[in-house]
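Working notes, beginning with the structure itself.
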Amino acid sequence: MEKRGWGGKPPSAAAPQQPPMTPRKERRPSMFEKEAYAQILRERLRGSIHDVQYVEPPFDDSIADIGKEWKSTLAKLKFANSYRMEPLKKFQAYSVETKVQQILKENLKDVKYDDKVFSHLSLELADRILLAVKEFGFHRYKFIIKVLFIQKTGQAINIASRWIWDVAWDSWVAAKHETETYVALALVFALYCE
């Protein structure tokens with residue numbers, strides 16, 4: 001008795017001939033495969049002047065929603081150390097001081113002392129000063145901006161700051177704007193990161 005499969009036909013005696021095997025082209029790696037991500041970035045950066053030492057992919061456990069964000073967060077590249085111990089352009093305190101003084105004068109020319117207004121104004125001034133200092137193009141410098149408003153009530157005040165820094169490359173700038181009711185003091189600290 002013959003065994004019959006689901007179709008009800010007896011099995012054929014000879015297996016059908018398969019077409020001859022052709023070599024398959026190697027599939028390009030997908031952007032969403034964790035293993036291939038570093039390889040794709042290295043291929044894209046092959047002509048770059050930087051030496052890529054390590055690539056940290058922007059993946060977490062949920063890869064489903066990564067397709068929406070992959071363009072904006074391609075990768076966090078970690079470059080090899082250049083061993084540069086000095087800046088290309090040293091911090092120029094005088095030019096930064098004149099620019100900060102100009103910003104204070106422009107923004108505070110008709111402002112009266114009000115502690116509620118000055119809490120927001122100090123943040124805005126610090127952001128404007130930071131943007132202006134970054135426009136000078138001091139590479140590898142980190143900036144700390146402090147803006148202080150002191151009401152004039154006949155008191156004396158001392159302001160002190162302490163830092164551990166490299167005397168050769170790190171520097172600071174102070175700019176002051178004074179009116180009848182208050183004194184505005186802006187401090188800019190420039191710290192070189194090797």
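The structure displayed is predicted, hence computed values, not measured ones.
- Shortest non-hydrogen contact noted between Phe149 and Ala184 is CE2-CB, 3.6 Å.
- No donor-acceptor contact under 3.5 angstrom links the side chains of Gln151 and Thr153, judged on distance only.
- Partners of Asp166 under the side-chain hydrogen bond (donor to acceptor under 3.5 Å, both in side chains) rule, at least two apart in sequence or in another chain, do not exist in this structure.
- For the pair Ile150/Ile159, a side-chain contact is recorded, criterion being any heavy-atom separation below 4.5 Å from C-beta on.
- Phe138 approaches Lys90 most closely through the heavy-atom pair CE2-O, 3.4 Å.
- Nearest heavy-atom pair, Ala174 versus Glu97, reported as atom, atom and distance to 0.1 Å: O-OE2, 3.5 Å.
- The aromatic ring centres of Phe189 and Phe143 sit 6.0 Å or more apart.
- Counting only N and O atoms by type, the side chains of Glu106 and Gln102 include a donor and acceptor under 3.5 Å apart.
- In this structure, Leu185 and Val147 have side chains that are not in contact, with every pair of non-hydrogen atoms separated by 4.5 Å or more.
- Listed here is the closest heavy atom pair of His177 and Leu108: NE2-O, 3.4 Å.
- Looking at Tyr141, its side chain does come within 3.5 Å of a backbone N or O of Trp169 through a donor-acceptor pair.
- Every side-chain hydrogen bond (donor to acceptor under 3.5 Å, both in side chains) that Lys152 has, sequence neighbours left out, goes to Glu178.
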So Val173 and Phe91, side-chain contact (heavy atoms from CB on, under 4.5 Å) or not? Walk me through it.
-> CA-CA 10 Å; Val173 169; Phe91 183 75; 3.7 Å; yes

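- Formation of a donor-acceptor pair under 3.5 Å by the Tyr182 side chain with backbone atoms of Val111 is found in this model.
- Of all the heavy atoms in Ala132 and Ile103, the pair that sits closest is CB-CD1, 3.5 Å.
- In the displayed structure, Gln155 atom CD is contacted under 6.0 Å by more than 12 heavy atoms of other residues, nucleotides or ligands.
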